[in-house]
Protein chains: 2
Amino acid sequence: MVAKSQDELERALQDQGYRLTPQRTLILEVIRECDDHVSAEQIYARVREVYPYVNISTVYRTLDLLAGLALVTKTDLGEGRVLYHWAEKGNHHHLICQKCGAVASLDDDLLEPLKQTLLLKFGFQANLDHIAIFGHCAECGSLSPSGHGPH
Amino acid sequence: MVAKSQDELERALQDQGYRLTPQRTLILEVIRECDDHVSAEQIYARVREVYPYVNISTVYRTLDLLAGLALVTKTDLGEGRVLYHWAEKGNHHHLICQKCGAVASLDDDLLEPLKQTLLLKFGFQANLDHIAIFGHCAECGSLSPSGHGPH
DNA sequence: TTGCGTGCAAACGGTTTGCAGGAAC
DNA sequence: GTTCCTGCAAACCGTTTGCACGCAA
């Protein structure tokens with residue numbers, strides 16, 4: 001896919017009947033710059049560095065708008081907040097170590113077999129745009145073979 | 001695995017130095033009866049039917065305790081609240097339709113290949129006790145092939 | 001000039017916490 | 001008698017909402 005320029009994106013928004021405001025321009029810009037997944041709060045902070053009069057609710061509303069247009073994807077990693085990610089950067093997945101917190105990336109095609117299985121067996125079209133898999137990484141896994149205990 | 005009786009469980013708690021209170025007994029009982037995943041709020045409601053003087057924070061504290069002892073598992077399906085499940089009932093997974101909300105169960109061994117792959121390729125011990133996979137079920141998937149639009 | 005988008009503030013819902021009193025051991 | 005556990009109330013945190021104003025079109 002060809003990465004769109006900021007101008008193109010802004011025009012696209014307008015073409016679909018949405019107004020172009022400085023807030024939207026900024027939020028759009030910030031989230032496109034982020035290589036990683038970011039929370040609404042992080043985007044808010046970044047935007048405010050440039051233009052301090054933006055409100056957090058505007059950030060949420062804009063992110064919802066962009067998600068509706070499939071320009072950003074929302075990911076809930078089950079940590080009590082939602083992360084956002086510029087959709088053009090493509091799908092990727094996470095291996096998250098529950099011990100040391102390390103996050104590794106995981107290629108799309110490793111999930112392909114599972115996706116196929118679900119489709120064949122259940123006719124279920126899995127949306128694996130963003131998946132988080134928790135567990136223990138190589139280092140932490142080898143250290144503690146044991147299981148649970150009182151915390 | 002052999003299912004433990006209520007008595008055994010209560011003794012086990014005491015053996016580990018935890019006190020046995022009516023609240024804990026009740027919460028333990030309620031969550032064991034639930035075949036499904038339940039929220040703290042649901043457990044709270046059930047407990048209060050029997051003993052109305054229980055507080056929601058006690059429910060949370062007890063659930064945390066039981067989760068620490070690996071007697072219950074916590075599952076975050078990304079719906080803004082955590083679901084609890086009696087651990088002895090075994091692992092199972094969910095196929096959740098993002099359109100109609102239907103939830104289907106998924107057997108453990110369908111995820112086994114993925115688990116193996118992760119272990120071999122990355123040495124990553126995936127904890128797939130409870131996994132939620134979002135997407136479109138057979139019915140909803142066949143109805144709308146199209147994608148996103150402004151909402 | 002129209003009405004969409006914004007800032008503000010307040011509300012929300014699930015969850016956590018500090019504290020003092022009470023119950024289990 | 002100690003210590004853990006509980007109820008209460010308030011705080012928390014991410015997110016949403018109602019409203020009136022202001023700016024993009």
Side-chain angles (χ1 to χ4, degrees), chain A residues 7 9-28 30-31 37-48 50-69 72 74-85 150-151, chain B residues 7 9-28 30-31 37-48 50-69 72 74-85 150-151:
Chain A
D7 282 0
L9 284 166
E10 294 177 1
R11 241 177 293 128
L13 271 188
Q14 288 185 300
D15 288 350
Q16 309 204 32
Y18 298 107
R19 292 188 182 166
L20 205 54
T21 66
Q23 291 90 336
R24 285 182 175 171
T25 305
L26 264 170
I27 294 169
L28 198 53
V30 163
I31 195 175
H37 294 66
V38 281
S39 64
E41 205 69 39
Q42 287 174 296
I43 295 170
Y44 179 52
R46 287 271 205 106
V47 169
R48 275 168 71 101
V50 183
Y51 184 69
Y53 305 104
V54 179
N55 194 272
I56 185 75
S57 54
T58 300
V59 174
Y60 279 109
R61 287 190 271 228
T62 303
L63 289 173
D64 273 354
L65 170 65
L66 297 177
L69 297 172
V72 308
K74 297 171 74 168
T75 316
D76 188 337
L77 297 184
E79 24 166 61
R81 74 198 162 139
V82 173
L83 298 184
Y84 298 85
H85 180 250
H151 51 147
Chain B
D7 282 0
L9 284 166
E10 294 177 0
R11 244 179 289 128
L13 270 188
Q14 288 185 300
D15 288 349
Q16 308 204 34
Y18 298 106
R19 292 186 180 166
L20 205 56
T21 65
Q23 291 89 337
R24 285 183 175 171
T25 305
L26 263 171
I27 293 168
L28 198 52
V30 164
I31 194 175
H37 292 68
V38 281
S39 65
E41 206 68 40
Q42 287 174 296
I43 295 170
Y44 179 52
R46 287 271 205 105
V47 169
R48 276 167 72 102
V50 183
Y51 184 69
Y53 305 105
V54 180
N55 194 272
I56 184 76
S57 53
T58 301
V59 174
Y60 279 108
R61 286 190 273 230
T62 304
L63 289 173
D64 273 354
L65 170 64
L66 297 177
L69 297 172
V72 308
K74 297 170 74 169
T75 315
D76 188 336
L77 297 186
E79 24 167 61
R81 76 199 161 139
V82 173
L83 297 184
Y84 298 85
H85 180 249
H151 47 153

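Proteins come first, then strands; the chains are lettered A, B, ... in the order of their sequence lines, and each starts at number 1. Since we're looking at a predicted model, the values are computed, not measured.
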- Task: Go through the structure and list residues passing side-chain contact (heavy atoms from CB on, under 4.5 Å) with B/D7, not counting sequence neighbours.
- Result: B/S5, B/E10, B/R11
- With A/L9, which residues qualify under side-chain contact (heavy atoms from CB on, under 4.5 Å), at least two apart? A/K4, A/L28, A/R32, A/L71, A/W86
- Identify, with sequence neighbours excluded, every residue that meets side-chain contact (heavy atoms from CB on, under 4.5 Å) alongside B/Y60. B/A40, B/I56, B/Y84
- Task: Starting from the 5' end of DNA chain C, give me the residue, A/I56 or B/E41, whose nearest nucleotide shows up first.
- Result: A/I56
- Task: Rounded off to whole Å, could you give me the OH-to-P distance for the A/Y84 and D/dG14 pair?
- Result: 12 Å
- Item | Those residues that, when tested against B/R46, pass salt bridge (charged side-chain N to carboxylate O under 4.0 Å, His left out) (two or more places apart) | B/E33
- Message: Looking at every heavy atom in both A/N55 and A/Y44, which two are closest together, and how far apart are they?
- Response: C-CE1, 3.7 Å
- Separation of atom CD1 in A/I43 from atom C1' in D/dT15, rounded to whole Å: 14 Å
- Note on the structure: From CG of B/D64 across to C1' of D/dT6 the rounded distance in Å is 15 Å
- Message: Treating primed atoms plus P, OP1 and OP2 as sugar-phosphate and everything else as base, which nucleotides of nucleotides 19-25 of chain D get B, S or - for protein heavy atoms under 4.0 Å?
- Response: -----BS
- Item | Atom pair distance, as rounded to whole Å: CZ in A/R81 and P in D/dT15 | 8 Å
- Query: In chain order, what residues pass the side-chain contact (heavy atoms from CB on, under 4.5 Å) check against B/R81, with sequence neighbours excluded?
  - Reply: B/S39, B/E79, B/L83
- Message: Using side-chain heavy atoms (C-beta onward) and a distance below 4.5 Å, is B/K74 in contact with B/L63?
- Response: no
- Message: I need the OH-C1' distance between B/Y51 and D/dG7, as an integer number of Å.
- Response: 10 Å
- Query: Do B/T58 side-chain atoms and B/V54 backbone N/O form a donor-acceptor pair below 3.5 Å?
  - Reply: no
- Item | Whole-Å gap separating C1' (D/dT6) and CG (B/N55) | 8 Å
- Task: Could you go through the side chain to side chain contact (heavy atoms under 4.5 Å, CB included) check for A/Q16 and A/L69 one step at a time?
- Result: CA-CA 10 Å; A/Q16 309 204 32; A/L69 297 172; 3.5 Å; yes
- Item | Range on DNA chain C touched by chain A - first to last nucleotide, heavy-atom distance under 4.0 Å | C/dG3 to C/dC8
- Bend angle of the helix from C/dT1-D/dA25 to C/dC25-D/dG1 from five-pair axes at both ends, rounded to 10°? 30°
- Query: How far does OH of B/Y18 sit from CG of B/L66, to the nearest 0.5 angstrom?
  - Reply: 10.0 Å
Which donor-acceptor pairs under 3.5 Å do side chains of residues 19-27 of chain A form with protein atoms, sequence neighbours excluded?
residue : atom : partner : partner atom : Å
A/T21   : OG1  : A/R24   : N            : 3.1
A/R24   : NH1  : A/R19   : O            : 2.9
A/T25   : OG1  : A/T21   : O            : 3.0

- Message: Need one value for B/S39: base, sugar-phosphate or nothing, where a base atom within 4.0 Å counts as base even if backbone is also close, heavy atoms only.
- Response: nothing
- Write down the distance between CD (B/Q23) and P (D/dC8), rounded to a whole number of angstrom. 11 Å
- Task: Find the distance B/R24:CZ to D/dC4:P and express it as a whole number of Å.
- Result: 11 Å
